[in-house]
Each structure stands twice: as C-alpha cells, then as structure tokens.
Amino acid sequence: MSRHVAIIGAGVVGAISAIEALKSGHKVTFIEPGDPGGEQAASYGNAGWLSSHSVIPPAGPGTWKKVPGFLLDPLGPLAIRWTYLPQAAPWLLRYLASGWTAERVTATARALRALLAEAPRLHQELAQQAGAGHLIERRGVLHVFPTRRHFEADAAAWDIRRQMGVQWLELSADELRRREPELDPRYAFGLFVEEAGHCRDPGAYVAALVAQVRARGAQIVRDRATGFRIETGRLKAVLTGAGEIPCEAAVIAAGVRSKPLAALAGDRVPLQAERGYHVVIERPEAGPRTPMMASDCKAVASLTEAGLRMAGQVEIAAPDAAPDWRRARILRDRLLGMFPALPRILPESRARYWLGCRPSLPDGLPCIGHSSATRDIIHAYGHGHVGLVGSARTGRLVAQLLSGRAPEIPIAPYDPRRFA
Ligand SMILES: Cc1cc2nc3c(=O)[nH]c(=O)nc-3n(C[C@H](O)[C@H](O)[C@H](O)COP(=O)(O)OP(=O)(O)OC[C@H]3O[C@@H](n4cnc5c(N)ncnc54)[C@H](O)[C@@H]3O)c2cc1C
C-alpha cells in the first residue's frame, strides 16, 4: 500500500518519520515553515544525548514538595513563571500525579525503555545512510557527582534503571580524573553508561536527514499547517497558508506546536512547553572527553561541531514568552566552573545562547498513534526530554502505522487518547 503522506514539521521526529515512510514505499511531502533542523526547532539546540537509559520521567514521588521552590526561584534548574501558573496548573497537577508513586514511575520507565532501546545504533545507521555518520558517536556518556553520597540520594531512580536492564560502571575520583583530566576535581564520583551515544550537532543531523528525503523526491512546502480536510472519515488534504496539500495520510510532528492540530484531528492533548536553554562556547580551551551530565546543575556538557555546549534548564512558560537569557548565562557560568582551564571571564563574543521548547506531556511519554477523527492521521510528538533519542523508533512506528503493519513494540502507553 503506497500513500501520499504529508509530514507536518521537519524536526527530528518528522525527518525520521519521513525516511521510514519512504523506505516503506510511501510518497512524502513535508510541510515546514522554517529551515529543517533550524533554530526554531527543539531538535536544533538540544544536548545531543542519545541516552537509551533516560527512562525516568521528570516528576517522581516527592516532586510536589519542590513546587514552592520552582515558583520562588526564577533561576533554579526548574522554574515556573508566576504569571503563567493559572494556565500551567492543570498540566502541573497531572505531571505531579504521574510521578506520585514508584509504581507509576516504573510503568513509565518500562514504556520509555521500549521506545529508547537500541536508539544509538538506529541513529548511527540513519546518519550513515544520510552521509552524516560523523555526527553520531557511540562512546557512552557520563554522569558526574560531587560525591558518592549525591549519587545515592538519587538511588531509587538508578534502581529503576537497573530493573530496565541499564548497566553502568562506577568511577572513583581517581578513575574519573584519568578519564576527564580537565574536569574540576570537586566532581569526585562518576557513572559511565556505555550503551548511550551522542550527536555532535543535532541541527545538522536533522538537516542531513531532510536533505536525504528531498534527494529521494520529497517536496517541502514552506508554510504552516493549519488544519485538515476530512471527508467521510478519510483525509483528503492538509490545509496550509499556501492552500490545500492533497494527501492520503498525514503525520503531526510539529513538536510543541502540535496541540491545535491534534485537536483538529479529534484529540485533546495536554501538551506544554518545557523550555530549555543552551550556551555554546566557541574555541574552548578545555572540555569533556565524554559528554557528561553534572548532577548539581542537571545540565549536559558536550563538545559539538560549533564548540563546547551546555544544555539544560526547565522553564514552564508559554512557548512565545520572552526568553530569560539569565538562565542561559547560568549554564555558561556552570560550564566555566566545571572546567577550570576555561577563562574565568569569558568575552561575550565567544558565547552563543539559544532557547528551545521541549514538547512535553505530563506523564513523560509521547503521543504516537492514530487520531480519533481518522486513521489516516498519525500523532508523533510530545517526546519531552527524550525526543532526539526517541525519534529513531518513533519514525519506525509511524511508518508501520501508515502501512497498516503491526507496530514493532506495544504502543498503548503512547495512545493520544489516554488523557481523554
Ligand atoms: C535544552 C534542551 C536539551 C535537550 N536535550 C535532549 C537530549 O540530550 N536528548 C534528547 O533525546 N532530547 C533532548 N531534548 C528534547 C528534544 O530536543 C525534543 O524532544 C525533540 O527535539 C522534539 O523534536 P520534534 O521533531 O518533535 O520537534 P521540533 O524539533 O520542535 O520540530 C518541530 C518542527 O515543526 C515545525 N512546525 C511547528 N508548527 C508547525 C505547523 N503548524 N506546520 C508545520 N510545521 C510546523 C517547527 O518549525 C519545527 O521545525 C532537549 C531539549 C531541550 C530544549
């Protein structure tokens, strides 16, 4: 069965869905107002972690106790803007509820593990096929802590990871020093997760994937999708500012902007922006050998094609609210603190800042599945913190749904109707 599929959004989820749709014999048209992999997309500036072990949802038991801090400290690792609280409250309540018990967190971890397992290998193959193999590295990632005690404070989450089959190597202060000679010695304990990988330039990776799709004949309509024409239960066209795009199937992969399209396809989803920032220091004097997450700032430091990047922070705010660049400067200062050989005072001309929106559902799982209005529309968004790593299997699932084949993993946990 070959169909003409409109892919709405050319971030990493849309790009890989398009590749897998082509492999399954479908014809593809992208609808995307920006540059594929451009700065408007979360896929541009993320931390690049292909962390198949990132199975713990953001909220866990006891997160509710931290909510006053989220509200009172606008520069903390997770902050909620007061003015946005009334709009965010329903999402926040669901977010806290989904992590209320260890059983719920374990169920989410199981569903995420199925989605993320094998992701580094899948991405490496995709990148190689797109002529961008150099962008994917499979050399593991590090978690660094001031002391072993700091790791033990998070032991419950690591225990769930272990139950999901994740393995790691514990590193003493000396072993960490040998691996990471430029890291500040105040980090005296580490975990090395060998199964994980890393993308050296997520924006360039998406651009290469989309270029490959276009080289195989796909068109790109440079506009925003605004709706659907559905007649007697079948999709006839996607509506855009440039007119109707006739098609037989569509994939909603517009990241944080997917919510209104999902509603037009019959499904109300509580999609929220968890905004994050990055800083890139150009021509860095020092940096990590292996991409690493620092436990004390919950941000990832890694070398990218453009320089030394630190990405992280969660800000619950409207996607279009003005950026708070102080948050990106906090990341810069953290980075300078992690690697003492970087200058104590960095010239602003050497720092680049970016804000992006994680498309997040409150239970930490994406929406992947048929729409309620018609089986011709597929939901593929809401991957929150794990959209880069999770995109590889998502693309395969999308192609299987488009082709009427059985999905290769159970997709019930990602059902777009679970919030109804
Ligand atoms: C600071 C930060 C760090 C992160 N680190 C990691 C990490 O290390 N590993 C990881 O796996 N994930 C990470 N993430 C999450 C990851 O970046 C996202 O989950 C992922 O990029 C989402 O991809 P997407 O394709 O769904 O959305 P996007 O990349 O946002 O792409 C959506 C596209 O849709 C287009 N679009 C929007 N509206 C419309 C419309 N109406 N019509 C047509 N097109 C439209 C947009 O222009 C955009 O190009 C991080 C995110 C942030 C912010």
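Remember, it's 1-based here, ligands and their atoms both numbered in the order they're listed. The structure presented is a predicted model; accordingly, all values stated were derived computationally and were not measured.
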Distance from atom 4 (C) of ligand 1 to nearest protein heavy atom, with residue and atom:
Asn46 CB, 3.1 Å
Side chain, backbone, both or neither: Arg224 near ligand 1, heavy atoms under 4.0 Å:
both
Of the choices Gly37, Gly384, Ser43, which has the non-hydrogen atom that lies closest to atom 18 (C) of ligand 1?
Gly384
The protein heavy atom nearest to atom 11 (O) of ligand 1 is Val389 N, 2.8 Å
So if I count the atoms of ligand 1 from 1 in the order they appear, which ones are less than 4.0 Å from some heavy atom of Val12?
23 (O), 25 (O)
Decide if atom CD of Glu194 counts as having more than 12 heavy atoms of other residues, nucleotides or ligands within a radius under 6.0 Å.
no
At a 4.0 Å threshold, what atoms of ligand 1 neighbour a non-hydrogen atom of Gly48?
7 (C), 8 (O)
Tabulate below the donor-acceptor pairs under 3.5 Å that side-chain atoms of residues 406-420 make, not counting sequence neighbours, or state none.
residue : atom : partner : partner atom : Å
Glu408  : OE1  : Arg396  : NE           : 3.2
Glu408  : OE1  : Arg396  : NH2          : 3.1
Glu408  : OE1  : Gln400  : NE2          : 2.9
Glu408  : OE2  : Arg393  : NH1          : 2.6
Glu408  : OE2  : Arg396  : NE           : 2.9
Tyr414  : OH   : Ala111  : O            : 2.7
Asp415  : OD1  : Arg417  : N            : 2.8
Asp415  : OD1  : Arg417  : NE           : 3.2
Arg418  : NE   : Asp363  : OD2          : 2.6
Arg418  : NH1  : Pro366  : O            : 3.2
Arg418  : NH1  : Tyr414  : O            : 3.3
Arg418  : NH1  : Asp415  : O            : 3.0
Arg418  : NH2  : Asp363  : OD1          : 3.0
Arg418  : NH2  : Asp363  : OD2          : 3.3
Arg418  : NH2  : Leu365  : O            : 2.8
Arg418  : NH2  : Pro366  : O            : 3.2

Of the backbone atoms (N, CA, C, O) and the side-chain heavy atoms from C-beta on, which set of Pro359 has a member under 4.0 Å from an atom of ligand 1: side chain, backbone, both, or neither?
side chain
Can you find an N/O atom of Gly14 closer than 3.5 Å to an N/O atom of ligand 1?
no
Tyr95 meets the ring pair (Phe, Tyr, Trp, His ring centres under 6.0 Å) criterion, sequence neighbours left out, with Trp91
If the contact criterion is a heavy-atom separation under 4.0 Å, does His278 count as touching ligand 1?
no
Looking only at side chains, do His198 and Thr290 share a donor and an acceptor under 3.5 Å apart?
no
Kindly state whether the ring of His379 and the ring of Tyr381 have centres lying under 6.0 angstrom apart.
yes
Protein heavy-atom partner closest to atom 28 (P) of ligand 1 - residue, atom, separation in Å
Ala42 N, 3.6 Å
Just to be sure I read this right, does ligand 1 sit under 4.0 Å from the backbone of Tyr44, its side chain, both, or neither, counting only heavy atoms?
neither
Only one of Thr106, Leu112, Val105 clears side chain to side chain contact (heavy atoms under 4.5 Å, CB included) with Thr108; which?
Leu112
For Glu315 and Tyr84, does a side-chain donor sit closer than 3.5 Å to a side-chain acceptor?
no
Do Glu195 and Ser52 have side-chain N/O donor and acceptor atoms under 3.5 Å apart?
yes
Any idea which protein heavy atom is nearest atom 26 (O) of ligand 1, and the distance to it?
Val13 CG2, 3.5 Å
If the cut-off is 4.0 Å to any non-hydrogen atom of Trp49, which atoms of ligand 1 fall inside it?
7 (C), 8 (O), 9 (N), 10 (C), 11 (O)
If you measure every N or O of Gln40 against every N or O of ligand 1, does any of those distances drop under 3.5 Å?
yes
At a 4.0 Å threshold, what atoms of ligand 1 neighbour a non-hydrogen atom of Ile31?
43 (C), 44 (N)
For Ala97, is there any backbone N or O sitting under 3.5 Å from a side-chain donor or acceptor partner on Arg104?
yes
closest protein heavy atom to atom 44 (N) of ligand 1 is Pro33 CD, 3.3 Å
Is there a donor-acceptor contact under 3.5 Å linking the side chains of His26 and Arg3?
no
If you measure from each non-hydrogen atom of His385 to ligand 1, which part falls under 4.0 Å: side chain, backbone, both or neither?
backbone
Arg332-Tyr353 side chain donor-acceptor pair, cut-off 3.5 Å
yes
Is there a donor-acceptor contact under 3.5 Å linking the side chains of Thr29 and His4?
yes
Consider only side-chain N and O atoms of Ser54 and His385, and report whether a donor and an acceptor are under 3.5 Å apart.
no
Proximal atoms of ligand 1 relative to Ile8 (non-hydrogen, under 4.0 Å):
42 (N), 43 (C)
Near Gly11, which atoms of ligand 1 are under 4.0 Å from a heavy atom of that residue?
25 (O), 29 (O), 31 (O), 33 (C)
Could you identify the single nearest non-hydrogen protein atom to atom 36 (N) of ligand 1 and state the distance to 0.1 Å?
Ala254 CB, 3.9 Å
How about Ser371 and Asp267: does a side-chain donor come under 3.5 Å of a side-chain acceptor?
no
Centroid separation under 6.0 Å, is that true for the rings of Trp158 and His143?
yes
Distance filter under 4.0 Å to Arg257 heavy atoms, resulting ligand 1 atoms:
37 (C), 38 (N)
Val300 heavy atom under 4.0 Å from ligand 1
no
Nearest protein heavy atom with distance in Å, relative to atom 42 (N) of ligand 1
Ala225 N, 2.8 Å
So, is Gly387 polar-close to ligand 1, with some N/O to N/O distance under 3.5 Å?
yes
Nearest neighbour in protein (non-hydrogen) for atom 33 (C) of ligand 1:
Glu32 OE1, 3.5 Å
Answer yes or no for Tyr381: is there a heavy-atom contact with ligand 1 below 4.0 Å?
no
Give the single entry among Gly312, Gly382, Gly9 that approaches atom 34 (O) of ligand 1 most closely by any heavy atom.
Gly9
